[in-house]
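Quick notes on the structure that follows.
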Amino acid sequence: MTKILMVCLGNICRSPLAEGILQSKLDHKLFSVDSAGTSSYHIGNKPDPRSIAVAKQHGIDITKQQARQFIKQDFIDFDIIYAMDNSNYDNIIALAENDAQKSKVKLILNESVPEQNLDVPDPYFGGDNGFEKVYKLLEEASEKISQQLNSLT
Ligand code: 4NP
């Protein structure tokens with residue numbers, strides 16, 4: 001089982017979408033996908049209603065998810081950790097205890113737009129429109145990730 005973790009700040013907008021989208025593209029018997037937030041702000045909450053709505057428009061149900069905070073044990077439990085933006089990346093790396101742990105952490109948009117270190121923009125304080133943009137960026141990156149992972153099996 002290859003285990004993948006999606007991480008943003010609150011675990012209510014971007015990483016729940018990333019979890020749902022990538023999960024929809026992988027064989028559940030071979031891969032598991034989870035998500036977490038670097039902050040404690042929304043622990044226990046469901047995804048933001050705007051993320052739930054945009055996922056639903058694309059046929060993906062993320063309503064069963066519940067926000068949790070990223071913990072150091074995640075470096076042990078997961079094989080690949082995708083940060084949604086550079087700030088999330090820095091916050092995760094700061095918790096790593098060795099280079100092997102650091103090497104598990106990647107910026108998700110480097111999968112679709114290599115080496116540019118682009119951010120998935122934080123849509124929390126914007127309008128609904130921002131969520132469709134986030135969905136599109138995550139769909140493109142998840143498609144690349146799933147092609148890589150499925151080619152290994
Ligand atoms: P997320 O979005 O990191 O994509 O889940 C945010 C959610 C909540 C906050 C910031 C970003 N907040 O400041 O509460």
Side-chain angles (χ1 to χ4, degrees), residues 2-26 28 31-96 101-146 148-149:
T2 301
K3 299 182 71 179
I4 300 135
L5 184 66
M6 303 296 193
V7 183
C8 61
L9 176 61
N11 192 209
I12 56 167
C13 296
R14 292 165 292 177
S15 58
L17 279 175
E19 175 185 336
I21 296 167
L22 184 62
Q23 214 160 44
S24 75
K25 295 175 184 286
L26 296 174
H28 298 185
F31 300 99
S32 76
V33 189
D34 190 13
S35 64
T38 57
S39 78
S40 60
Y41 305 155
H42 296 280
I43 291 173
N45 292 3
K46 279 184 193 297
D48 187 286
R50 297 165 294 179
S51 282
I52 290 176
V54 78
K56 190 172 175 209
Q57 281 161 25
H58 294 273
I60 293 175
D61 179 9
I62 61 167
T63 59
K64 307 285 187 302
Q65 294 186 33
Q66 231 190 0
R68 71 169 180 90
Q69 190 167 19
F70 181 87
I71 53 171
K72 285 186 177 191
Q73 181 68 27
D74 291 324
F75 287 115
I76 295 159
D77 292 343
F78 290 87
D79 301 293
I80 313 172
I81 298 168
Y82 283 114
M84 299 296 116
D85 68 26
N86 282 272
S87 162
N88 310 145
Y89 180 89
D90 293 344
N91 288 331
I92 300 164
I93 289 288
L95 293 172
Q101 293 186 351
K102 287 181 187 170
S103 72
K104 293 185 174 186
V105 189
K106 300 166 188 285
L107 266 175
I108 193 165
L109 291 190
N110 279 345
E111 301 296 338
S112 45
V113 192
E115 294 172 23
Q116 298 300 303
N117 295 341
L118 298 178
D119 292 337
V120 179
D122 182 346
Y124 186 63
F125 294 106
D128 290 350
N129 192 17
F131 285 75
E132 184 57 45
K133 166 86 178 158
V134 164
Y135 189 93
K136 185 165 175 290
L137 291 170
L138 292 175
E139 159 60 32
E140 287 165 3
S142 297
E143 182 58 29
K144 287 282 165 55
I145 294 167
S146 72
Q148 286 172 31
L149 292 173

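As the structure lists them, so they are numbered: ligands from 1, and atoms in each ligand from 1. Scope of the values below: all heavy atoms of this structure, side chains included, with no hydrogens, waters or symmetry mates.
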So, K136 and E140, do they make that salt bridge, N to O below 4.0 Å? yes

Any side-chain heavy-atom pair of L118 and L107 under 4.5 Å: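 No, their side chains stay 4.5 Å or more apart.
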
Could you tell me whether a side-chain N or O of Q69 sits under 3.5 Å from a main-chain N or O of T38, the two making a donor and an acceptor?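 Yes; judged by distance alone, with no hydrogens or angles, the pair exists.
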
Between ligand 1 and the protein, which N/O pairs fall short of 3.5 Å?
residue  : atom   : partner : partner atom : Å
ligand 1 : 2 (O)  : D122    : OD1          : 3.4
ligand 1 : 3 (O)  : L9      : N            : 2.9
ligand 1 : 3 (O)  : G10     : N            : 2.8
ligand 1 : 3 (O)  : R14     : NH2          : 2.9
ligand 1 : 4 (O)  : R14     : N            : 2.9
ligand 1 : 4 (O)  : R14     : NE           : 2.7
ligand 1 : 5 (O)  : G10     : N            : 3.4
ligand 1 : 5 (O)  : N11     : N            : 3.3
ligand 1 : 5 (O)  : I12     : N            : 3.0
ligand 1 : 5 (O)  : C13     : N            : 2.9
ligand 1 : 14 (O) : H42     : NE2          : 2.9

Aromatic ring pairing H58/Y135, orientation class (parallel under 30°, perpendicular over 60°, tilted between):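 The arrangement is parallel - the two ring planes meet at less than 30°.
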
side-chain hydrogen bond (donor to acceptor under 3.5 Å, both in side chains) with Y82: which of E19, K106, E111?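 Between Y82 and the candidates, side-chain hydrogen bond (donor to acceptor under 3.5 Å, both in side chains) is satisfied uniquely by E111.
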
Closest contact, heavy atoms only, D85 versus R14: OD2-NH1, 2.9 Å

